[in-house]
Structures are given as structure tokens and as C-alpha cells.
Undergrad: 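Below: one structure in C-alpha cells.
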Amino acid sequence: MSMENKKSPLVNSCSMAGLKPAMLEFPYPPIQVSCRNLNYADMLSMDYCGSVSELSALTQYVNNESRLSMKHCRYAKILLEIAVAEMMHLQKLGELICLLGGELDYTARQQNGNCFLWTPEYLTLSDDVEQMICANIEGERAAVKQYKMHIGRIDDEFVNAVLARIIKDEEYHILLLQSLLDEV
């Protein structure tokens with residue numbers, strides 16, 4: 001093969017070494033429930049895998065990170081740190097759902113009996129950095145609103161303590177994303 005036909009490999013030099021989840025530095029309450037309650041488990045399934053959910057957020061952030069890592073490494077790292085935090089939220093919600101007697105089958109169950117299997121159609125994907133960050137801020141705000149609504153409907157101090165702690169991380173994510181948006 002001649003020198004003209006040889007191509008240099010494409011390399012992504014954005015290292016994610018030392019990545020930490022974007023979470024506040026105070027602990028989560030124990031993962032426990034007062035008693036089994038399928039209604040509460042179904043409500044949390046919306047937070048787990050509904051259109052506004054930890055699974056949707058996690059998937060969107062990982063997609064965003066992959067799209068940004070070649071040109072905007074610092075942004076990509078922050079989005080992946082947020083994704084790791086969302087993964088931890090997903091895990092905590094999964095434990096709560098199981099303790100409450102619910103199922104983890106990627107089906108969001110509404111109180112009216114409707115069920116929705118998680119789909120990537122829930123995601124907002126863009127190649128535009130500003131649109132990407134704005135969509136993530138909107139998603140975090142919607143999550144905070146939904147968690148607060150669920151806290152108002154759930155009469156279990158243990159579940160509500162975990163949801164309140166997740167809200168604090170989501171509010172922190174909004175601050176991080178807003179600072180990125182201010183730089184764009």
C-alpha cells in the first residue's frame with residue numbers, strides 16, 4: 001500500500017479517568033419502606049422508566065457525552081458525571097420499587113392503569129450544544145417537579161426521604177448545566 005493510501009486512525013483523546021458522579025457530598029438515607037405498596041411502586045416506576053425518568057436521563061446524557069467528547073471534552077465529562085449520578089438514582093429507585101412489591105421490567109405504570117414500555121422516543125437528541133444543554137435542563141426541571149408531586153402523594157417517610165435526596169442532586173445538575181449553557 002502506498003503512503004497516500006494509508007490513513008491515520010481517528011482517536012478520541014478525551015479521557016474520562018477519575019470521573020466521579022455529579023452528586024452532592026452528603027449521604028442518602030437508607031433504602032427502606034414502611035410496608036409493601038403496589039400503588040407507590042407503580043408511581044416510582046414513572047420515575048424509573050417513564051418519559052421523565054432516570055432511565056431516560058441516563059440514556060440521554062450518555063448519548064450527549066458521546067456526541068460531544070471529540071470537540072467539547074470538558075462538557076462531555078460533566079455530562080457523563082451527571083449520567084453516573086442518574087444511574088445511581090435509577091438503582092436506588094429500583095431497590096425501592098422491589099421493596100414496595102413492584103416489578104422492574106421497564107414498564108411505567110400510571111395510576112389509571114395505563115402502562116408504557118420505555119422507549120428511546122422519550123429522548124431529545126441534538127448535535128447542537130446549546131439545544132442539547134437546554135433539553136437537559138428542561139429534563140432535570142421536569143424530574144424535580146415530578147418527584148415533588150410524588151412526595152405529595154406518597155405517605156411513606158422512608159420513600160419520601162430518598163426522593164427528597166434525589167431532588168437535591170437534580171437541582172445540583174441544573175446548576176452545573178446552567179453554568180455550561182452560560183459558556184456556550
Side-chain angles (χ1 to χ4, degrees), residues 15-65 73-109 118 122-123 133 135-182:
S15 171
M16 299 298 169
L19 189 93
K20 295 180 183 175
M23 300 173 79
L24 296 175
E25 292 291 325
F26 61 94
Y28 270 77
I31 305 299
Q32 58 188 9
V33 300
S34 296
C35 62
R36 292 172 66 93
N37 186 314
L38 288 177
N39 289 330
Y40 295 167
D42 288 350
M43 200 177 307
L44 293 183
S45 75
M46 299 298 295
D47 301 318
Y48 187 82
C49 63
S51 59
V52 175
S53 69
E54 298 299 336
L55 182 60
S56 294
L58 164 63
T59 306
Q60 184 162 304
Y61 282 119
V62 170
N63 181 281
N64 291 173
E65 178 275 329
C73 184
R74 193 172 82 72
Y75 291 6
K77 284 182 179 183
I78 291 170
L79 294 181
L80 194 56
E81 289 172 346
I82 295 172
V84 173
E86 303 295 6
M87 181 180 66
M88 295 174 79
H89 297 162
L90 185 73
Q91 185 272 335
K92 291 175 187 325
L93 289 170
E95 285 187 25
L96 288 173
I97 291 167
C98 288
L99 288 171
L100 290 164
E103 293 184 47
L104 292 179
D105 56 5
Y106 298 105
T107 301
R109 293 168 174 81
W118 186 86
Y122 294 155
L123 308 180
I133 295 170
N136 290 332
I137 290 171
E138 183 180 312
E140 294 288 351
R141 287 180 178 152
V144 168
K145 181 179 178 182
Q146 183 169 286
Y147 280 125
K148 287 180 178 180
M149 180 181 65
H150 288 170
I151 288 172
R153 294 180 179 171
I154 293 174
D155 187 23
D156 184 317
E157 65 181 308
F158 302 117
V159 173
N160 286 339
V162 174
L163 298 183
R165 177 59 185 82
I166 290 173
I167 287 172
K168 298 222 180 285
D169 283 339
E170 306 297 18
E171 291 171 339
Y172 176 55
H173 298 164
I174 293 169
L175 294 175
L176 289 173
L177 292 165
Q178 191 62 55
S179 71
L180 290 181
L181 188 59
D182 292 345

Undergrad: Keeping R165 on the side-chain end and F26 on the backbone end, is there a donor-acceptor pair under 3.5 Å?
TA: yes
Undergrad: With a cut-off of 6.0 Å (strictly less than), are more than 12 heavy atoms of other residues, nucleotides or ligands near CG of D155?
TA: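 Not buried by this count: 12 neighbours or fewer within 6.0 Å.
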Undergrad: How about I154 and N39: do any of their side-chain heavy atoms sit closer than 4.5 Å?
TA: no
Undergrad: Pick from Y61, Y122, W118: which one makes a side-chain hydrogen bond (donor to acceptor under 3.5 Å, both in side chains) with S56?
TA: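 Option passing the side-chain hydrogen bond (donor to acceptor under 3.5 Å, both in side chains) with S56: W118.
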Undergrad: How about E170 and K145: do any of their side-chain heavy atoms sit closer than 4.5 Å?
TA: no
Undergrad: Hydrogens and angles aside, do N64 and N136 bring a side-chain donor and acceptor to less than 3.5 Å of each other?
TA: yes
Undergrad: Rounded to the nearest 0.5 Å, what separation is found between the CD atom of E95 and the CD1 atom of I31?
TA: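 So the gap between those two atoms works out to 5.5 Å.
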Undergrad: Is there a side chain to side chain contact (heavy atoms under 4.5 Å, CB included) between L176 and Y172 once you walk through the steps?
TA: CA-CA 6 Å; L176 289 173; Y172 176 55; 3.7 Å; yes
Undergrad: Before giving the answer on side chain to side chain contact (heavy atoms under 4.5 Å, CB included), spell out for R109 and E103 the whole-Å C-alpha distance, their side-chain angles and the decisive distance to 0.1 Å.
TA: CA-CA 10 Å; R109 293 168 174 81; E103 293 184 47; 4.1 Å; yes
Undergrad: Return the CG to NZ distance between L44 and K92, rounded to the nearest 0.5 Å.
TA: 14.0 Å
Undergrad: Is there a donor-acceptor contact under 3.5 Å from the side chain of D169 to the main chain of L24?
TA: yes
Undergrad: Let me see the working for L163 and L93 under side chain to side chain contact (heavy atoms under 4.5 Å, CB included), right down to the final yes or no.
TA: CA-CA 9 Å; L163 298 183; L93 289 170; 3.8 Å; yes
Undergrad: In this structure, are over 12 heavy atoms from other groups packed under 6.0 Å from Q91 atom CD?
TA: yes
Undergrad: Tell me whether H173 contacts the main-chain N or O of I82 through its side chain, where contact means a donor paired with an acceptor under 3.5 Å.
TA: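 No: the side chain of H173 does not pair with the backbone of I82.
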Undergrad: For the CE atom of M43 and the CG atom of L96, what is their distance to the nearest 0.5 Å?
TA: 13.0 Å
Undergrad: How long is the straight-line distance from SG of C49 back to CG of L58, given to the nearest 0.5 Å?
TA: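 One finds 12.5 Å between CG of L58 and SG of C49.
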Undergrad: What pair of heavy atoms forms the shortest contact from P21 to A85, and how long is it?
TA: CB-N, 4.0 Å
Undergrad: E65 and E81: side chain to side chain contact (heavy atoms under 4.5 Å, CB included), yes or no, with the steps?
TA: CA-CA 10 Å; E65 178 275 329; E81 289 172 346; over 6 Å; no
Undergrad: Has K77 got a side-chain atom pairing as donor or acceptor with S15's backbone, closer than 3.5 angstrom?
TA: yes
Undergrad: Please name the pair of heavy atoms, one in F158 and one in V33, separated by the smallest distance, quoted to 0.1 Å.
TA: CD1-C, 3.8 Å
Undergrad: As a test of understanding, state which of Y48, Y147, Y28 forms a side-chain hydrogen bond (donor to acceptor under 3.5 Å, both in side chains) with H89.
TA: Y28
Undergrad: Quick one: closest heavy-atom pair of D156 and S34, and the distance?
TA: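 The pair with the smallest heavy-atom distance is OD2-N, 2.7 Å.
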Undergrad: Mind checking the CG-SG spacing from L104 to C98? Nearest 0.5 Å is all I need.
TA: 4.0 Å
Undergrad: Out of curiosity, I137 CD1 to L181 CG, how far, rounded to the nearest 0.5 Å?
TA: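 Reported to 0.5 Å precision, the distance equals 5.0 Å.
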Undergrad: Any side-chain to backbone donor/acceptor pair from Q146 onto V52? Under 3.5 Å, distance only.
TA: yes
Undergrad: What are the two closest heavy atoms between R36 and G101, and how far apart are they?
TA: NH2-CA, 3.4 Å
Undergrad: May I ask you to test the M46-H150 pair for a side-chain heavy-atom distance under 4.5 Å?
TA: yes
